[in-house]
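So you know, we letter chains A, B, ... as the sequences are listed, proteins then strands, and number each from 1.
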There are 2 protein chains.
Amino acid sequence: MKDEERAVRPRRADARRNEVTLLEAAAAAFVASGVEAPVRDIAARAGVGTATIYRHFPTRADLIIAVYRHQVEACAEAGPALLGSAPTPYDALREWIDLFVDFLATKHGLAGALHSDQSGLDSLHTYFLDRLVPVCTQLLDAAAEAGEIHAHLTGYELMRGVGNLCIGAENDPRYDARRLVGLLVTGLRRTT
Amino acid sequence: MKDEERAVRPRRADARRNEVTLLEAAAAAFVASGVEAPVRDIAARAGVGTATIYRHFPTRADLIIAVYRHQVEACAEAGPALLGSAPTPYDALREWIDLFVDFLATKHGLAGALHSDQSGLDSLHTYFLDRLVPVCTQLLDAAAEAGEIHAHLTGYELMRGVGNLCIGAENDPRYDARRLVGLLVTGLRRTT
DNA sequence: CGTGAAGCGGGACGTCGTTCCGTTTGTGTC
DNA sequence: GACACAAACGGAACGACGTCCCGCTTCACG
């Protein structure tokens, strides 16, 4: 057990320290300049060379994933929980989507980065989708089974739609992503 | 009149020819590689140097605007026309949005370019918004006045929402932007 | 047909993500 | 405690991008 704890990831002590330092520096840089903060800035912030970043995180996307992994996991785990606690499956879906939007809306440029054809950020896209689409699908299926929505939409489509609607919402007081997403989810509701 | 026609833009004949050639080359490059086609590729396609592009179009965004200007104008002008021909203002709004989505969906990467914080593409964003938001607002107001929708949304927000939903829809058979936009517009409808 | 300016080509610059290489440093072993 | 060697490091280097600069070409007017 103790071995397993210590054996995680890098072997040398300085390397382990650097990984933590880098994650903190990246998080700070993302808050200050958005997720598009240059790798060099993050390296400078952490007081290391650029190569050190790439030794720990094969690509920029992996660093971004590492920084947000905990929050994405939390969001994913909230799905089934809401299904148990909310009045109806549709309410659960609605609350879960709000959770996701709140997460995206507070990360400058993250929503945009998720869909950039630029550089090698596909793995970021892939990670978010792999982790969250199953949860979304589960909520969607539950709501459909309860007859609250028409089932014409896949979890994948809803996730992408919501993610897209959040793009550029951080710095624009005239654009309220929450309202748009709310309308989208309203549009899902069965009009009986 | 003849003077005005000829006097538009550049004075020398080769410059006028190059401007046309460049627009054609850019259009072709955008179809082949998306709107993110490198300036060098477009220059090569047109058989000119890169500087020639910048002499005619101060920035990449201006070239993109020039290529799509006619279609954007046509879309803008279709708004009032639909208001006259469609059964109700809400139907007009719906059809007009379909028009816009069809336009965006056939231009690889254009929707994405509209919201990239990258390089200097803000003027692209600005141009689209300046031209289309008033039309959208007019349709929205008409539908609201007819009592078909709740007026909680601005033309600006709807335009941005629709544009965002179209991002990345071109190469992904699993994501149907039209369906998502349809849901969004459905969500606008008054639920009386 | 000459001349001056408008127009041109492509190389140069700064920035980005990523990789390479010579050097430093932590750590298991005697 | 000293040694050796692999692991880890820093920063320069590379290729791609948008954009700008400079020396040459070519149009058009007298």
Under 3.5 Å, is there a donor-acceptor pair linking the side chains of [X] and [Y]?
X: Asp122(A); Y: Tyr127(A); answer: no
X: Arg131(B); Y: Thr126(B); answer: no
X: His115(B); Y: Asn164(B); answer: yes

Can you find a donor-acceptor N/O pair under 3.5 angstrom joining the side chain of Thr50(B) to the base of dG11(C)?
yes
Can you tell me how far [atom2] of [N] sits from [atom1] of [X], to the nearest Å?
X: Arg60(A); N: dC16(C); atom1: CZ; atom2: P; answer: 10 Å
X: Ile53(A); N: dC9(D); atom1: CD1; atom2: P; answer: 11 Å
X: Glu36(A); N: dT15(C); atom1: CD; atom2: C1'; answer: 14 Å
X: Leu121(A); N: dG17(C); atom1: CG; atom2: P; answer: 9 Å
X: Arg40(B); N: dG18(D); atom1: CZ; atom2: P; answer: 7 Å
X: Asp41(B); N: dC17(D); atom1: CG; atom2: P; answer: 7 Å
X: Arg11(B); N: dA28(D); atom1: CZ; atom2: P; answer: 11 Å
X: Arg16(B); N: dC8(C); atom1: CZ; atom2: P; answer: 12 Å

With the side chain defined as heavy atoms from C-beta on, Arg12(B) is closest, among dA6(D), dG17(C), dT26(D), to dT26(D)
Would you check if Glu157(A) and Arg179(B) make a side-chain contact, meaning some heavy-atom pair closer than 4.5 Å?
yes
Looking only at atom types and distance, does a side-chain atom of Trp96(B) sit under 3.5 Å from a main-chain N or O of Cys75(B), one as donor and one as acceptor?
yes
First of Pro38(B) and Ala51(A) reached from the 5' end of DNA chain D, by closest nucleotide:
Ala51(A)
Can you tell me if the side-chain N/O atoms of His56(B) get under 4.0 Å from OP1 or OP2 in dG7(C)?
no
Respond yes when some side-chain nitrogen or oxygen of Tyr54(A) is under 4.0 Å from OP1 or OP2 of dT19(C), and no when none is.
no
What's Thr59(B) touching, base or sugar-phosphate or nothing? Going by heavy atoms closer than 4.0 Å.
sugar-phosphate
With sugar-phosphate meaning primed atoms plus P, OP1 and OP2, does Ala13(B) contact a base, only sugar-phosphate, or nothing at under 4.0 Å between heavy atoms?
sugar-phosphate
